[in-house]
Amino acid sequence: MSDWSAGQPPRSRRPQSGGGRYDYYRDARGGPPPGRRPPPPPHRGARPPVDDLPPQPPPRKKRHWGRRIGIAVAVLVLLLGGLVIYFDSTLQRTAALSFDGQAPDSAGTNWLLVGSDSREGLDEAQREQLSAGDAAGRRTDSMMLVHIPSGGGQPALISLPRDSYVNIPGHGRTKLNSAFSFGGPQLLAQTIEQATGVHIDHYAEIGFGGFSDLVNAVGGVDICLDQPMNDDMANVHLQAGCQELDGPTALGFVRARYSLQGGDLERAENQRKLLGALVKKATSPTTLFNPFRLFPLASGASKTFLVNDGDHLWHLASLALAMGDISGGQGVTTSVPFGRFGQDSDGGSVVVWDKDGASRMFEAVANDQPIPPDLLGP
């Protein structure tokens, strides 16, 4: 019988096993061809050949979050620093505190705040809107001392009535605001230091237009009145109750005097009230976290404040924080104690300080001590 009759391939084409016999299961097992030894089995734990590994995803780039955050913070600091430097460079400065015979320096920080009726920089439309008139030069109707304690105590805001009867170097005894007319900020600061014995560290002055712009920059300020105010001279007409004042109206409110029963003293009280409301609004989250208010406020403050030649924007920021404490009830507001009203040599009405009360008040300020409670008035 032939090989084909048995259903097998010819013997010459049969694969042979190692012993010369045909291996029927080699193809099924996938073994090596005849004459080749099978590869040794892999050791336990050995890695399979590289060609048999599944494809790996491309390596992910390591994210350096710490570096990115550091760069972002550095950029932010540089940006804010640049803005501070820019706004500081736009501050107007004058040698307000350069004079002979300054009072001895003391602990704590003392500011002289002055509201000027300067019309500089106002065009005709602005003068009419603010009822500023056409007077030349500049005078002051608002003078305040701010004392910031060195140990973190309560700051104090003290009004100095414009008609206070004091001695002005080189001009004799007359109204306090005359010092500003005679010799500007320098003579005014010298007069106040001489009258109080308090060393003045910083000076800040703001005029008509600047005050109005600051109020508008914060979106207006809220004021509550016990009775209506109608003052034709200041062009302000307000109803009793709480209301929001825009820039021109707020300016009229702090200028009004002739319609007030308390005259200049009541006006000083209104000035402290509105200044507190302005600082409270300026330091609120609605302003600090709103760039459309914060940047106009910073720009307006830097361009409209006149400060001493050694003062900077960060000094004003420190003042704003202290004023925020005062407006928030964490400080005191008062006026210099006065004994009576009198007349000057021209027959004008003047305010005569209470010598003992004023002496005790300013001695406490000069020594960085709290003002005696019995001297805290309206």
Side-chain angles (χ1 to χ4, degrees), residues 96-115 140 142-169 176-177 179-180 185-205 264-265 268-269 271-273 275-276 279 307-308 310-311 315-316 318-339 351-378:
L97 304 179
S98 299
F99 51 84
D100 296 330
Q102 270 197 289
D105 199 359
S106 59
T109 302
N110 300 309
W111 280 83
L112 174 57
L113 303 185
V114 174
T140 177
S142 175
M143 292 155 285
M144 303 179 189
L145 273 178
V146 178
H147 176 68
I148 306 174
S150 59
Q154 288 186 324
L157 174 64
I158 306 170
S159 292
L160 306 173
R162 52 163 278 172
D163 293 336
S164 298
Y165 199 50
V166 297
N167 182 65
I168 299 176
L176 176 59
N177 69 333
F180 194 77
Q186 191 175 94
L187 184 58
L188 177 63
Q190 183 181 12
T191 299
I192 291 175
E193 280 205 3
Q194 185 181 81
T196 64
V198 173
H199 178 85
I200 299 175
D201 301 291
H202 303 282
Y203 175 88
E205 174 191 332
D264 186 57
L265 298 178
E269 185 177 351
Q271 290 170 349
R272 295 196 302 269
K273 181 187 298 185
L275 183 59
V279 172
V307 298
N308 185 47
D311 293 334
H315 295 129
L316 288 175
S318 175
L319 172 64
L321 292 176
M323 293 297 297
D325 289 340
I326 294 173
S327 64
Q330 303 302 313
V332 297
T333 61
T334 187
S335 178
V336 59
F338 62 92
V351 175
V352 180
W353 291 0
D354 179 337
K355 186 175 182 180
D356 177 67
S359 177
R360 288 196 296 130
M361 171 180 283
F362 294 123
E363 183 178 356
V365 172
N367 293 326
D368 197 27
Q369 297 175 349
I371 298 174
D374 65 298
L375 299 178
L376 298 178

Out of curiosity, [X] [atom1] to [Y] [atom2], how far, rounded to the nearest 0.5 Å?
X: Ile148; Y: His202; atom1: CD1; atom2: NE2; answer: 7.5 Å
X: His199; Y: Thr109; atom1: NE2; atom2: OG1; answer: 9.5 Å
X: Thr191; Y: Leu160; atom1: OG1; atom2: CG; answer: 11.5 Å
X: Leu157; Y: Met323; atom1: CG; atom2: CE; answer: 5.0 Å

Do the side chains of [Y] and [X] get nearer than 4.5 Å, heavy atoms only?
X: Met144; Y: Leu275; result: yes
X: Val365; Y: Thr196; result: no
X: Gln330; Y: Gln154; result: no
X: Gln186; Y: Ser98; result: yes
X: His315; Y: Asn308; result: no
X: Val336; Y: Pro161; result: yes
X: Asp374; Y: Arg360; result: yes
X: Leu176; Y: Ile192; result: yes

Salt bridge (charged side-chain N to carboxylate O under 4.0 Å, His left out) contacts touching residues 318-327 (sequence neighbours left out): none

Donor-acceptor pair, [X] side chain versus [Y] backbone, under 3.5 Å?
X: Asn110; Y: Asp201; value: no
X: Ser106; Y: Ala366; value: yes
X: Glu193; Y: Gln102; value: no
X: Ser142; Y: Val114; value: no

Minimum heavy-atom distance Asp368-Ser150, with the two atoms named: OD2-OG, 2.5 Å

Residue pair Gly276 / Ser327: nearest heavy atoms and the distance that separates them: O-CB, 3.2 Å

Audit row: Trp111, Leu316, side-chain contact (heavy atoms from CB on, under 4.5 Å) steps and yes/no: CA-CA 10 Å; Trp111 280 83; Leu316 288 175; 3.8 Å; yes

